[in-house]
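Worksheet: the structure to be examined is printed underneath.
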Amino acid sequence: MVESHYSPKVRELMKKYGVEIFDRVNIILGDGRAYTGIILPRPRHGDPNSIILKLDNGYNVGFSVDERTKIELIEKMPEPKLAEVIKPKISPGLPMIMMLGTGGTIASRIDYRSGAVYSFFTAEEIYSMIPELIEIANVDTETVFSIFSEDMTPQNWTVIAEKVYQHLKKGDYTGIVIAHGTDTMGYTAAALSFAVRNLPYPVILVGAQRSSDRPSTDTIENVIAAVTTAAYAPFAEVAVVMHGSMSDDFCLAHRGTKVRKCHTSRRDAFRTINGDPLAIIRRRQIKMLTDDYLPRDPDRTPVLENSFEDKVILLKFYPGMKEEIIELLVDAGYRGIVLEGTGLGHVRNELISVISKAVKDGVAFVMTSQCIWGRINMNVYSTGVDLLKAGVIPGEDMLPETAFVKLSWILAKTDDLDEVRKLMLTNIAGEINYHSNAKYYPEVYPHGRT
């Protein structure tokens, strides 16, 4: 039985009307307002004289109760239980997919001790919640981590990449799905794009914007689309598969080096930047949106290069930024700095001399833009030209996050700034589009790219 943490006052009110935790009720407040939902245990912190209700829209609200509050029982509800963990069923003829769990909202539920969301579901439990997967593919599961994505580190990227490489190299699976938190999913997708190359099959990252215990969760549709993509998509690249709209009508597959989370909470938060999505997945049907992709090839042998340099930073320029910030980073031993500059790739003139000195001391600088769309062009204005002369490497049309991951990956390989420049300007995993060739698909973005 879940401890309620309610005050004696609330417990007496519930006893008076014959209701218990997890019952579906109408609560009528003293001013006549009425709300329908399921009574939840109260978080340990907060007002003990408030009663917590999960509304039909999935949101939890608290109501301060008094002697005028009335409760009408609608239905006695059993205490919710986690899905029974089932052993994956093998269906002859279906593709074999490995699902790796790392945590995040896709693997979360409410902890009523604190009222917060925690990573509690393993990869096995995610699989158990979605019986439709049995009809799509044979899915093996393995939990690598159980953390939120803000706790993900380059060391974690290294471990995930090793897992992906080993599973693909053995040849037992024709696709990999990685359950991951959404906040830093773009970083991990970029990291895997560089760390495991020459893929024979797709590697798909998937997450959820709404936790699995909410009626508005996007977990099920996202996972079904991700497994479908891993099992049947014609491409063999790292991609992120998430909702393509606010409804449950389709998901999109975004190249791992071109994807960004663009909204804090919308289900269609992910967008391909400076390009088009790889594919649209609608009711288990995959429609490719580009012919520019690495095709599946079971005879291809993956390559693992999964080291990342820790002493790299992504630094956002702001008006009035002081030279001492860069000096402190250099003194702290940072070997690479990705600048998120303005517009076409600028920072204030006062920073150029300290950047030039740092480059001479062996620090790599890469320029990206704070703008979401477009590319760096440092030949237009004198500031950009001076930054180029100082040794700053233009980041082309790379996302700042992708440039950060790429520079970290490169500096784990070489200290030679000429080689760093060469590799940063080489399109290794689809991170650079040399020409603006993006198309516009109304079915994907009916209201425009924004």
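This chain uses plain numbering: 1 for the first residue, then up along the sequence. Quick caveat: nothing in here was measured; it's all calculated off a predicted structure.
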Scanning both residues in full, the closest heavy-atom pair of Ala231 with Ala137 reads CB-CB, 4.2 Å
Does the side-chain hydrogen bond (donor to acceptor under 3.5 Å, both in side chains) test come out yes or no for Thr272 and Asp276, once each step is laid out?
CA-CA 6 Å; Thr272 293; Asp276 291 305; over 6 Å; no
Closest non-hydrogen atoms of Asn49 and Ser7, given as atom of the first, atom of the second and distance, are OD1-OG, 2.6 Å
Using side chain to side chain contact (heavy atoms under 4.5 Å, CB included), reason through Glu396 and Thr368 one step at a time and then give a plain yes or no. CA-CA 7 Å; Glu396 298 290 346; Thr368 61; over 6 Å; no
- Query: Any donor-acceptor pair under 3.5 Å linking the side chain of Ser245 with the backbone of Ser247?
  - Reply: yes
- prompt: Can you find a side-chain donor-acceptor pair between Thr36 and Asn26 that sits under 3.5 Å?
  reply: yes
Q: Verify, without hydrogens or angle tests, whether Asn274 (side chain) and Asp397 (backbone) share a donor-acceptor contact under 3.5 angstrom.
A: yes
### Message
Taking the side chain as everything from C-beta on, heavy atoms only, tell me whether Val240 gets closer than 4.5 Å to Val206.
### Response
no
Glu135 with Arg284: basic N within carboxylate O range, under 4.0 Å: yes
CZ (Phe317) and CG (Leu351) are apart, to the nearest 0.5 Å, by 6.0 Å
request  = Would you confirm whether Asn306, through its side chain, and Ala195, through its main-chain N or O, come within 3.5 Å as a donor-acceptor pair?
outcome  = no
Rounded to the nearest 0.5 Å, the CD1 atom of Ile281 sits from the CD atom of Glu221 at a distance of 11.5 Å
_Would His243 and Asn222 count as a side-chain hydrogen bond (donor to acceptor under 3.5 Å, both in side chains) here? Give the steps._
CA-CA 6 Å; His243 261 57; Asn222 289 346; 2.6 Å; yes
* To do: Say whether, by atom type as modelled, one donor and one acceptor occur between the side chain of Arg255 and the main chain of Leu278 under 3.5 angstrom.
  => no
Fit a plane to each ring of Tyr293 and Phe235, take the angle between them on a 0 to 90° scale, and name the class: parallel (under 30°), tilted (30 to 60°) or perpendicular (over 60°). perpendicular
Here the side chain to side chain donor-acceptor pair (under 3.5 Å) pairs for residues 194-204, sequence neighbours left out, are Arg197-Glu305
**Prompt:** Within the distance-only criterion (no hydrogens, no angle test), does the side chain of Arg296 pair as donor or acceptor with the backbone N or O of Ala233 below 3.5 angstrom?
**Reply:** yes
Rounded to the nearest 0.5 Å, the OG1 atom of Thr229 sits from the CD1 atom of Ile136 at a distance of 9.5 Å
So CG of Leu55 and CG of Leu53: to nearest 0.5 Å the spacing works out to 5.5 Å
Could you tell me whether Lys258 and Glu431 make a salt bridge, using a distance below 4.0 angstrom between a side-chain N and a carboxylate O?
no
task = State, yes or no, whether a side-chain contact exists between Ile313 and Val338 at a heavy-atom distance under 4.5 Å.
result = no
Under 3.5 Å, side chain of Thr402 to main-chain N/O of Thr257, donor-acceptor pair present?
yes
### Message
Under a 3.5 Å distance rule, please check whether Glu237 uses its side chain to pair with a backbone N or O of Leu294 as donor and acceptor.
### Response
yes
Next item on the list: Might you work through the side chain to side chain contact (heavy atoms under 4.5 Å, CB included) test for Leu315 and Glu340, ending with a clear yes or no?
Entry: CA-CA 6 Å; Leu315 184 63; Glu340 223 184 288; over 6 Å; no
Nearest heavy-atom contact between Arg300 and Ala236 is NH1-CB, 3.9 Å
Q.
Check the orientation of Trp157 and Phe404. Use parallel for under 30°, tilted for 30 to 60°, and perpendicular for over 60°.
A. perpendicular
Heavy atoms, side chains only, cut-off 4.5 Å: are Ser369 and His346 in contact? no
Discussion item. Applying side chain to side chain contact (heavy atoms under 4.5 Å, CB included) to Val144 and Val159, what does each step give before you reach the verdict?
Written reply: CA-CA 8 Å; Val144 184; Val159 173; 3.9 Å; yes
Any non-hydrogen side-chain atom of Asn156 less than 4.5 Å from a side-chain atom of Ile147?
yes
TODO: Indicate yes or no for a side-chain donor-acceptor contact from Lys15 to the backbone of Glu20 under 3.5 Å, with no hydrogens or angles considered.
DONE: no
Are the side chains of Ile39 and Met14 in touch, meaning some heavy atoms are under 4.5 Å apart?
yes
### Query
Heavy-atom count around Lys311 NZ within 6.0 Å, excluding the residue itself: above 12?
yes
Report task. Would you sort out whether Ser149 and Asp183 count as a side-chain hydrogen bond (donor to acceptor under 3.5 Å, both in side chains), showing the intermediate values? Result -> CA-CA 6 Å; Ser149 68; Asp183 285 350; 4.8 Å; no
Minimal heavy-atom distance between Asp66 and Arg68, with the atoms involved, is OD1-N, 2.8 Å
- [ ] Inspect the contact between Arg267 and Asp248 and indicate whether a charged nitrogen and a carboxylate oxygen are less than 4.0 angstrom apart.
- [x] yes
*Heavy atoms, side chains only, cut-off 4.5 Å: are Ile21 and Tyr6 in contact?*
yes
Rounded to the nearest 0.5 Å, the CZ atom of Arg266 sits from the CE atom of Met242 at a distance of 12.5 Å
CD1 of Ile27 to CG of Leu13, rounded to nearest 0.5 Å, is 8.0 Å
Here the pair of heavy atoms bringing Val312 nearest to Ser408 is CG2-CA, 3.8 Å
Do we see a donor-acceptor contact under 3.5 Å between the side chains of Thr188 and His180?
yes
### Query
Just by distance, do the side chain of Lys406 and the backbone of Met424 share a donor-acceptor pair under 3.5 Å?
yes
Are Asp140 and Tyr173 close enough that a side-chain donor and a side-chain acceptor fall under 3.5 Å? yes
| message | Checking Ser265 against Gln209 for the side-chain hydrogen bond (donor to acceptor under 3.5 Å, both in side chains) test, could you report, in this order, the C-alpha distance in whole Å, the side-chain angles of both residues, the deciding distance, and whether it holds? | response | CA-CA 6 Å; Ser265 57; Gln209 288 286 86; 5.9 Å; no
Self-check item: Within 6.0 angstrom of Lys169 NZ, more than 12 heavy atoms from elsewhere
Solution: no
- Item | Any His263 side-chain heavy atom under 4.5 Å of Asp268 side chain | no
With a 3.5 Å distance limit and no angle check, can you tell me whether Thr102 reaches the backbone of Ala179 through a side-chain donor-acceptor pair?
yes
Query - Working for side chain to side chain contact (heavy atoms under 4.5 Å, CB included), residues Tyr17 and Leu73 - result: CA-CA 8 Å; Tyr17 289 101; Leu73 175 66; over 6 Å; no
* For residues Val259 and Arg271, determine if any side-chain heavy atom of one lies less than 4.5 Å from a side-chain heavy atom of the other. => no
In short, Val366 meets Ala403 closest at the heavy-atom pair CG1-CB, 4.4 Å
Problem - Over 12 foreign heavy atoms within 6.0 Å of NZ, Lys322 - result: no
